[in-house]
Visitor: 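Sharing a structure below in structure tokens format, with a few things to ask.
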2 protein chains.
Amino acid sequence: MSRDERRLTSFDVAAKAGVSQSTVSRALSGSPTITEATRTRVIEAARELGYVVDERAARLRSGKSKTIAVVVIGRAGQGAASVNPFYYSLLGSVCTAAAQRGYQALVSIQSEPEHFFGQFIERGQADAVVVLGTATNREAWRYFDDYRETQARMAFWGSPFDGPGYVRSDNKAGARLAVERLVQGGYKRIGFIGETDGAQRQFRERYEGYCETLEAAGLPCFDAVTASGETREAQGAGAVKALLAQKTGYDAVFSACDAMALGALTALREADKSVPGDFGVIGFDGLGVGAHSSPPLTTIEPDFAEAGLNLVEAALGGADEDRDRRVSVHLVERASAR
Amino acid sequence: MSRDERRLTSFDVAAKAGVSQSTVSRALSGSPTITEATRTRVIEAARELGYVVDERAARLRSGKSKTIAVVVIGRAGQGAASVNPFYYSLLGSVCTAAAQRGYQALVSIQSEPEHFFGQFIERGQADAVVVLGTATNREAWRYFDDYRETQARMAFWGSPFDGPGYVRSDNKAGARLAVERLVQGGYKRIGFIGETDGAQRQFRERYEGYCETLEAAGLPCFDAVTASGETREAQGAGAVKALLAQKTGYDAVFSACDAMALGALTALREADKSVPGDFGVIGFDGLGVGAHSSPPLTTIEPDFAEAGLNLVEAALGGADEDRDRRVSVHLVERASAR
DNA sequence: CTGAAAGCGCTTACAG
DNA sequence: CTGAAAGCGCTTACAG
């Protein structure tokens with residue numbers, strides 16, 4: 001209720017409980033070497049005084065920080081407004097997963113080269129760092145890919161690079177789910193939109209899954225179609241136009257990401273193709289906005305809670321733990337495939 | 001490159017630069033009492049060694065933490081998945097605003113009563129705390145409303161409560177923009193959906209702005225219409241159905257929030273009302289998903305960057321600064337009003 | 001302008 | 001099981 005002038009310390013609690021300061025520390029930190037009676041007395045004294053330990057001191061002394069630094073990469077020149085909902089959801093999952101493991105989350109949104117910073121562990125502020133965000137900010141990813149040479153306890157999502165600590169969706173399984181769903185809907189000539197060059201490793205994996213599934217189904221798979229554009233949506237719209245112009249007789253597309261799929265939907269509407277009747281579309285990412293498009297977008301969604309847990313574990317585990325971490329995905333049935 | 005076994009300290013830098021440890025500290029912290037020549041030498045030594053100050057020690061000693069704790073309130077029983085994109089954007093803006101003022105952001109997502117926790121300042125982890133999130137988690141807001149009795153340096157967004165430190169949109173101005181836009185579109189019987197009882201102070205303000213603007217335009221204003229439902233969208237859809245059933249001849253609605261407006265759009269489509277031809281809809285919040293609804297939703301959006309800055313300043317300023325902080329809003333012209 | 005010293009509030013060997 | 005003491009790595013009076 002009242003605001004004390006002097007900060008309460010463990011000595012105040014010790015005095016009140018009639019024990020030494022070290023006993024207070026042990027009692028409050030859950031040391032097993034303390035009698036239950038003593039512990040209760042100390043906890044009660046602390047409660048009455050409104051005392052909580054000063055984490056700066058506790059962490060300095062113990063050498064730990066019980067914190068995970070989470071760096072969210074945005075588009076250069078745009079800041080927080082450029083972070084898409086997918087990464088915010090992932091951020092939320094990481095914070096939650098960290099809390100479940102007893103860690104706090106120090107969040108930093110980084111877009112500009114002059115502010116790239118990763119030395120949270122060296123500053124004693126974090127025990128591990130998770131980096132996530134748009135693959136399009138190449139400079140940022142280059143910075144963190146270099147930086148990881150100096151630190152093992154890191155994990156990544158969204159990077160165009162690869163290596164230990166990189167966590168991602170099970171892209172092939174996702175592609176399979178999507179393409180099988182399209183096949184099951186009776187579509188015969190299924191295209192793929194999204195670039196498959198080095199930039200987006202995830203996209204390449206989705207493309208591979210697309211081809212494999214189609215081949216297994218005895219259906220033809222086609223070259224990936226792309227188009228340039230400012231935004232992912234413009235790219236998706238352009239790709240669908242290009243694909244329609246090909247006159248291969250496409251009747252469906254699997255899009256490498258939802259943002260492009262949304263653009264595809266717009267282009268299809270303009271081309272008077274009815275979705276899902278004439279043409280099927282399935283995206284990838286599980287963006288919430290897809291639920292409001294017309295028609296609502298059927299998509300592949302990674303399990304966010306699992307993604308958060310994987311990122312936290314990979315970061316805490318360090319580079320030693322060199323396994324390929326794949327997050328499971330599932331089909332979100334909406335209305336863009338018949 | 002190499003991973004040192006022993007942590008580097010300011011003594012190592014001192015030895016390398018040929019100065020005392022206190023000089024290293026002063027040089028690196030930007031103390032004006034240091035010669036430029038000395039500072040350069042120290043900085044260079046630190047750079048070569050790869051030294052950065054241990055913030056736990058620096059903050060313990062200085063008594064500051066240069067951190068803002070950001071608590072994001074989710075729906076009980078649902079966690080991070082229940083945090084909507086609006087609050088994630090706000091979270092991002094707060095992190096960015098904090099960084100601009102030289103603060104870091106410690107983020108904690110809280111949904112369950114047993115994990116409500118606000119004592120970041122007492123733990124020495126933050127200099128101020130910002131709480132934001134859904135007004136529907138009453139218990140959480142009650143907790144933080146109680147907690148603020150013990151701490152001045154707090155700011156809030158989304159609370160059903162009121163008082164110093166509560167930051168919100170300029171709701172009346174927003175309502176005016178929306179209703180004037182509807183009037184300008186030629187709509188004559190404009191309804192309001194959203195509850196106006198105590199729960200959502202923001203909604204009441206929007207309703208008041210709605211009435212005032214309509215009266216000023218010489219048009220009738222009506223009682224707010226609501227409907228119960230699991231989600232905001234279901235509530236919006238229900239409200240529109242109820243409103244259509246009234247046969248007052250409504251030809252537009254101003255919705256207290258976008259989520260309800262999205263539901264309204266669905267209900268209107270089902271009722272074969274063409275939007276914006278037969279019926280106009282304008283929401284409030286600026287949700288990104290509104291850009292993909294059919295038709296895309298015209299809405300009122302608060303300035304997120306300004307909101308973040310306001311929250312950070314209000315929190316840092318403490319309760320002394322007892323002014324009513326209003327964040328400016330603007331009309332996002334999309335296609336649900338002719 | 002710089003150095004030697006104290007001390008922030010804890011945790012953790014070291015004794016008993 | 002508990003206490004007295006050292007020390008984590010800084011910042012900041014206090015001197016000079």
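Numbers restart at 1 for each chain; the letters A, B, ... are given by sequence-line order, proteins then strands.
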Visitor: Going by atom types only, do A/T96 and A/S93 share a side-chain donor-acceptor pair under 3.5 Å?
Guide: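 Checked: A/T96/A/S93 side chains show no N/O donor-acceptor pair below 3.5 Å.
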Visitor: Just checking A/T35: base, sugar-phosphate only, or nothing, at a heavy-atom cut-off of under 4.0 Å?
Guide: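 Since only primed, P, OP1 and OP2 atoms lie under 4.0 Å of A/T35, the category is sugar-phosphate.
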Visitor: Base, sugar-phosphate, or nothing for A/S25, non-hydrogen atoms under 4.0 angstrom?
Guide: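 Base, at least one base atom sits under 4.0 Å.
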Visitor: How many Å lie between CG on B/D54 and P on C/dC8, as a whole number?
Guide: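 These atoms are roughly 18 Å apart.
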Visitor: Closer than 4.0 angstrom, basic N to acidic O: yes or no for B/R326 and B/D324?
Guide: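 Yes, this pair counts.
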Visitor: Assess, by modelled atom type and distance only, whether the side chains of B/T33 and B/S31 contain a donor and an acceptor separated by less than 3.5 Å.
Guide: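 There is no such pair between these side chains.
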Visitor: Would you mind checking if A/E139 and A/R142 are paired as a salt bridge, meaning a charged N to carboxylate O distance below 4.0 Å?
Guide: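 Answer for the salt bridge query: no.
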Visitor: For B/R39 and C/dT2, what is the distance between atoms CZ and P respectively, to the nearest whole Å?
Guide: 10 Å
Visitor: Could you give the CG-to-C1' distance, from B/L28 to D/dT12, as a whole number of Å?
Guide: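 Computing the B/L28:CG to D/dT12:C1' distance gives 16 Å.
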Visitor: Do the side-chain N or O atoms of B/S10 get closer than 4.0 angstrom to the phosphate oxygens (OP1, OP2) of D/dC10?
Guide: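 Yes, B/S10 has a side-chain N/O under 4.0 Å of OP1/OP2 on D/dC10.
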Visitor: Round to the nearest Å and state the distance from B/R59 atom CZ to C/dC8 atom C1'.
Guide: 15 Å
Visitor: Quick one: are the ring centres of B/F86 and B/F304 less than 6.0 Å apart?
Guide: yes
Visitor: Does the plane of the ring in A/F144 sit parallel, tilted or perpendicular to the ring in A/Y147? Use 30° and 60° as the thresholds.
Guide: perpendicular
Visitor: Expressed as a whole number of angstroms, how long is the span from B/F11:CZ to C/dG3:P?
Guide: 12 Å
Visitor: Rounded to the nearest Å, what distance is computed from the CD atom of residue B/E122 to the P atom of nucleotide C/dG9?
Guide: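 For the pair B/E122 CD and C/dG9 P, the rounded distance is 15 Å.
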Visitor: Distances under 3.5 Å only, N/O to N/O: pair up the protein atoms with those of nucleotides 4-6 of chain D.
Guide:
unit_1, atom_1, unit_2, atom_2, d
D/dA4, N7, A/S22, OG, 3.3
D/dA4, N6, A/S22, OG, 3.1

Visitor: In whole Å, I'd like the distance from the CG atom of B/L60 to the P atom of D/dG9.
Guide: 12 Å
Visitor: Heavy atoms only, 4.0 Å cut-off, all strands: where does B/T23 land among base, sugar-phosphate and nothing?
Guide: sugar-phosphate
Visitor: Please report, rounded to the nearest Å, how far the P atom of D/dG9 is from the OH atom of B/Y51.
Guide: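 After rounding, the gap between these two atoms is 10 Å.
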Visitor: What does C/dA4 pair with, Watson-Crick or G-U, if both distances are under 3.5 Å?
Guide: none
Visitor: Could you check whether A/E55 pairs with B/R56 (Lys NZ or Arg NE/NH1/NH2 to Asp/Glu carboxylate O, under 4.0 Å)?
Guide: no
